[in-house]
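Notes for the one structure printed next.
Values below: every heavy atom of this structure, side chains too, minus hydrogens, waters and symmetry copies.
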Amino acid sequence: MTAKQQAGEQPVKTIAGVSQAEVWQRRTPETAETDWLAQEVPVALVYNGISHVVMMATPDNLEAFALGFSLSEGIIEQPAEIYGIDVVPGCNGIEVQIELASRRFMALKAQRRAMAGRTGCGVCGVEQLDQIGKPLKPLPFTQTFDLAQLDSGLARLRDYQPVGNLTGCTHAAAWLSPEGLLPGGCEDVGRHVALDKLLGLRSQQGWQQGAVLVSSRASYEMVQKSAMCGVEILFAVSAATQLAVEVAQRSNLTLVGFSKPGRATIYTHPQRLR
């Protein structure tokens, strides 16, 4: 069964980030079928006319991506330091043109961090090894979460993967409320980009109470991005790396892996969980 058949009669033409392709299945190699593929395009984030980074991403929710990336990378401290965002399609990709406050732009130029990345890669292009880890302020302990509410959030995570439901090719990141609801979420072919999109959406919506839920593993950068944006609890469907646990411990972030129905592995700061 193809992804299209699994999706039934879903109105896929309204979903951004997918395209059709001809494929052959092992069981019927003599017959071509039509299936859906997730789009992966170069997205350049351009601050005040200067390109800062090119990421491979799903071409959707790019304003939220630009905002979330700016926050999670420490380029800005608050959304008001961005005066405008324009998404400009081009021949070879998409430019997201960001008008940044002068003070922040001067700091960005001094930083000279130019990443030309693979899918969601946050280390490519870093000039020195000591640039990889950012200094993080320890998070406060203002959030709590009842683990009994985790399963309902997990059950709804695929609601925010319309491209993934067609292609099986995306990660999702969603905001999980204390009641187990998912008021919003984002997807992307890159897990870091999906998280940045969510962090931007969270900033736009003003969500404070709750946690981040991601469909991927928890690498150090997922922890770092969350902590930079003041997120105190991060649930990952898959495992966490050793460096992710170390960063979570130092930043006071509660990190939970293997988040599945009836199961969760708590790596750091369990006092926030009930």
Side-chain angles (χ1 to χ4, degrees), residues 16-17 39-127 131-132 134-137 160 163 170-171 173 175 184-208 212 214 221-222 224-231:
Q39 294 176 352
E40 182 180 25
V41 304
V43 176
L45 299 185
V46 180
Y47 292 90
N48 293 14
I50 298 179
S51 181
H52 174 64
V53 59
V54 177
M55 306 291 281
M56 302 305 296
T58 302
D60 192 23
N61 290 322
L62 295 182
E63 289 189 13
F65 170 46
L67 177 57
F69 180 91
S70 301
L71 289 165
S72 70
E73 292 292 314
I75 296 171
I76 61 173
E77 291 184 352
Q78 53 189 350
E81 292 171 324
I82 288 180
Y83 298 152
I85 299 176
D86 292 314
V87 178
V88 182
C91 296
N92 299 317
I94 299 173
E95 276 194 4
V96 183
Q97 299 174 355
I98 304 157
E99 185 180 356
L100 194 62
S102 297
R103 181 172 66 90
R104 287 297 174 188
F105 182 58
M106 294 301 293
L108 180 61
K109 287 201 298 182
Q111 186 181 7
R112 296 182 64 244
R113 184 171 190 249
M115 299 183 301
R118 301 172 184 170
T119 299
C121 178
V123 177
C124 303
V126 172
E127 296 173 355
Q131 288 180 286
I132 293 176
K134 292 181 174 61
L136 295 172
K137 296 180 180 178
Y160 294 99
V163 174
T170 65
H171 290 291
W175 187 251
C186 301
E187 67 176 332
D188 199 273
V189 291
R191 66 186 189 278
H192 302 117
V193 179
L195 178 57
D196 276 331
K197 288 179 177 180
L198 173 70
L199 294 172
L201 180 63
R202 171 180 177 254
S203 176
Q204 291 170 333
Q205 298 297 324
W207 297 323
Q208 295 297 325
V212 165
V214 297
E221 193 173 27
M222 304 289 277
Q224 182 170 268
K225 284 178 175 291
S226 299
M228 285 288 290
C229 293
V231 173

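- The two atoms that bring S70 and Y47 nearest to each other are OG-OH, 2.7 Å, heavy atoms only.
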Going through the distances and angles, do V96 and E63 end up as a side-chain contact (heavy atoms from CB on, under 4.5 Å)? CA-CA 8 Å; V96 183; E63 289 189 13; 5.8 Å; no
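- The minimum heavy-atom distance linking F105 with I50 is given by the pair CZ-CD1, 3.6 Å.
- Heavy-atom minimum distance, V189 versus E40: CG2-CG, 4.0 Å.
- Nearest heavy atom pair, residue A173 against residue A194, reads CB-O, 3.6 Å.
- Looking at heavy atoms from C-beta onward, I75 lies in side-chain contact with F69 at the 4.5 angstrom threshold.
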Residue pair N48, Y83: steps toward the side-chain contact (heavy atoms from CB on, under 4.5 Å) verdict: CA-CA 10 Å; N48 293 14; Y83 298 152; over 6 Å; no
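- Expressed to the nearest 0.5 Å, how far NZ of K109 lies from CE of M106 amounts to 4.5 Å.
- When all heavy atoms of V54 and S51 are compared, the closest pair comes out as CG2-OG, 4.4 Å.
- Remark: I94 CD1 to L45 CG distance equals 11.0 Å, nearest 0.5 Å.
- A 4.5 Å side-chain heavy-atom check between P42 and N92 finds every atom pair outside the cut-off.
- Considering every non-hydrogen atom in both G17 and V163, the closest pair reads O-CG1, 3.8 Å.
- Rounding to the nearest 0.5 Å gives a distance of 14.0 Å between CZ of R191 and OG1 of T170.
- Looking at heavy atoms from C-beta onward, K225 lies in side-chain contact with D196 at the 4.5 angstrom threshold.
- Here I98 contributes atom CD1 and L67 contributes atom CG; the two are 9.0 Å apart, rounded to the nearest 0.5 Å.
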Which donor-acceptor pairs under 3.5 Å do the side chains of residues 197-204 make with protein atoms, sequence neighbours left out?
{"unit_1": "K197", "atom_1": "NZ", "unit_2": "T58", "atom_2": "O", "d": "3.0"}
{"unit_1": "K197", "atom_1": "NZ", "unit_2": "D60", "atom_2": "O", "d": "2.7"}
{"unit_1": "K197", "atom_1": "NZ", "unit_2": "E187", "atom_2": "O", "d": "3.3"}
{"unit_1": "K197", "atom_1": "NZ", "unit_2": "D188", "atom_2": "OD2", "d": "2.7"}
{"unit_1": "R202", "atom_1": "NE", "unit_2": "W207", "atom_2": "O", "d": "3.1"}
{"unit_1": "R202", "atom_1": "NH1", "unit_2": "C229", "atom_2": "O", "d": "2.9"}

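- Put simply, CZ on F65 and NE2 on H192 are 11.5 Å apart, with the number rounded to the nearest 0.5 Å.
- Residues M228 and L71 have side chains not in contact (no heavy-atom distance under 4.5 Å, counting atoms from C-beta outward).
- Taken to the nearest 0.5 Å, the CD1 atom of I85 stands 11.5 Å off from the CD atom of Q97.
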